[in-house]
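Single-structure report; data block below.
Just the heavy atoms: all of them, side chains too, but no hydrogens, waters or symmetry mates, feed the values below. Every number for a ligand or one of its atoms is a count from 1 in the order of the listing.
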Amino acid sequence: MSTSTITVNTQDDRSQDLVINPPSSGLALKGTITVPGDKSISHRALMLGAIAEGETIIEGLLIGEDPRSTAKCFRAMGAKIGQLNTEKVRVKGVGLGNLKEPLDVLNAGNSGTTMRLMLGILASHSGRFFTVTGDSSLRSRPMSRVVKPLVQMGAAIWGRKDNALAPLAVKGKELKPIHYLSPVASAQVKSCVLLAGLMVEGKTTVTEPALSRDHSERMLKAFGAELEINPTTNSVTITGKPTLKGQHIIVPGDISSAAFWLVAAAIVPGSELLITNVGVNPTRIGILEVLAMMEADITQENERMVAGEPVVDLRVKYSKLKACTIGGNLIPRLIDEIPILAVAAACAEGTTIIKDAAELRVKESDRLAVMASELTKMGAKVTERPDGLEITGGQPLKGAEVDSYTDHRIAMSFAIASLIAKDATTIHRAEAASISYPNFVATLEQVMT
Ligand code: S3P
């Protein structure tokens with residue numbers, strides 16, 4: 001029987017090639033695994049901890065590059081954030097409005113959440129000056145979506161391309177409350193406005209076209225802010241100037257990371273995985289709804305509430321997947337899972353249509369273009385549409401050389417696709433996975449043996 005191999009090769013430029021060669025005799029993924037802490041909740045726990053009074057304790061924090069960027073930025077503004085670890089991170093907050101002017105540029109790295117949420121906090125810190133930048137991917141992503149509402153609130157922000165791109169300069173000011181009608185269903189936009197509204201006298205409201213993840217709302221309430229939520233209109237109103245008090249946060253496993261294993265076990269014949277401690281916030285479970293439509297065999301066990309967020313264990317077994325259509329209000333609830341769902345679609349019977357997903361073009365990479373080009377290299381039948389993808393499943397995948405385009409979710413999606421490909425697949429710049437999933441390759445090795 002041939003054995004599978006996983007090799008990581010470091011290149012001269014220190015990027016890494018991940019080479020996956022599944023056995024020709026077939027491979028079944030087995031075992032019980034945990035996934036790292038939720039990225040969205042980890043950012044928010046660090047940020048709210050940093051601006052609250054007293055101590056916040058965070059258990060289960062994601063130790064990925066993105067939360068590291070958040071921690072670094074807020075340390076530079078006076079918050080005392082202990083060494084990042086998954087057990088217990090202590091954050092000593094400065095109290096609302098008390099962040100210090102940093103002595104240097106704040107660098108959000110690859111993290112859109114860090115930059116967009118932080119801008120809301122900075123813009124309302126009257127009398128202080130901030131400069132914010134990021135890596136080359138983040139410097140090309142649209143910041144106008146948060147600059148626009150902040151400027152409506154009275155913020156002073158300058159940046160490249162008519163204040164749309166980082167590096168950005170922010171002169172903190174007293175802001176005024178607004179009702180912002182966001183043109184996009186984006187939790188980052190919603191959270192930016194709510195965080196700016198924390199420092200504003202009166203009520204600030206955001207209305208979005210479809211409901212995006214609500215971790216900010218849940219956590220702001222837990223820290224003591226006053227929020228009114230109108231689910232019929234997808235509106236949230238925050239009352240400014242609360243006293244935020246440090247909390248004990250337990251971060252559940254990230255369903256966006258679990259998604260790779262859900263699809264992996266669903267497409268690799270003979271597989272069965274148990275993924276424990278996964279957050280199943282209703283605004284995040286679009287992946288489970290779609291995999292159910294595709295007739296995947298997934299069961300939820302041990303349902304419980306942990307620190308205000310619903311948590312389950314997910315058991316997934318191999319099954320023959322069917323194509324489906326993904327669009328509309330479902331998109332914000334699975335926005336980060338579309339790359340791995342494209343892999344599932346390539347293995348499903350029939351043609352899967354992904355639509356209303358133009359937002360994917362402004363993520364860490366243009367995820368529609370990249371999934372189309374790289375899946376095609378592996379032999380999949382994919383058509384790129386302006387707002388989505390059309391994928392006809394059932395073509396056998398073959399090993400190929402693909403690129404992550406430095407996008408963590410692309411790197412991991414192709415690692416999973418390679419498990420059912422004939423011959424070896426090389427994923428260039430696969431180190432990007434460490435943005436949200438530092439132990440990804442170790443877990444892959446675990447479930448393949
Ligand atoms: C996030 C919101 C989403 C998501 C991102 C994390 C958050 O972005 O894609 O990975 O933590 O608020 P958008 O708000 O741009 O949709």
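Given atom 1 (C) of ligand 1, the protein heavy atom at minimum distance is Gln188 NE2, 3.6 Å. Of all protein heavy atoms, the one lying nearest to atom 14 (O) of ligand 1 is Ser186 OG, 2.6 Å.
Against a heavy-atom cut-off of under 4.0 Å, Ile335 is close to the following atoms of ligand 1: 9 (O). In the vicinity of Ser40, heavy-atom distances shorter than 4.0 Å reach the ligand 1 atoms 1 (C), 6 (C), 7 (C), 11 (O).
A salt bridge links Glu359 with Arg145: the closest approach of a Lys/Arg side-chain nitrogen to an acidic carboxylate oxygen falls below 4.0 angstrom. We find that Arg90 and Glu55 are joined by a salt bridge, their nearest charged nitrogen and carboxylate oxygen being less than 4.0 Å apart. Between Arg367 and Asp407 there is a salt bridge, since a side-chain N of the basic residue sits under 4.0 Å from a carboxylate O of the acidic one. Glu309 and Arg284 are not joined by a salt bridge, as no carboxylate oxygen comes within less than 4.0 angstrom of a charged side-chain nitrogen. Taking 4.0 Å as the cut-off between side-chain N and carboxylate O, Asp135 and Arg141 do not count as a salt-bridged pair.
Judged by distance alone, with hydrogens and angles left aside, the side-chain atoms of Gln446 form a donor-acceptor pair with the main-chain N or O of Thr32 at under 3.5 Å.
The shortest N or O to N or O distance between Arg44 and ligand 1 is under 3.5 Å. Considering backbone and side-chain N/O of Asp336, one or more are found under 3.5 Å from N/O of ligand 1. Considering both main-chain and side-chain atoms, Glu364 never comes within under 3.5 Å of ligand 1 through any nitrogen or oxygen pair. Among the atoms of Ala187, some N or O lies under 3.5 angstrom from an N or O of ligand 1.
Residue contacts with ligand 1, taken as heavy atom pairs separated by less than 4.0 Å, involve Lys363 solely via side-chain atoms from C-beta onward. Contacts of Lys39 with ligand 1, taken as heavy-atom pairs under 4.0 Å, involve the side chain alone.
Using a 4.0 angstrom heavy-atom cutoff, Arg213 counts as in contact with ligand 1.
Note on ring orientation: taking the six-membered ring where Trp is involved, the planes of Phe440 and Trp261 are parallel (angle under 30°, cut-offs 30° and 60°).
Applying the 6.0 Å contact sphere to CG of Asp13 captures more than 12 heavy atoms from other residues, nucleotides or ligands.
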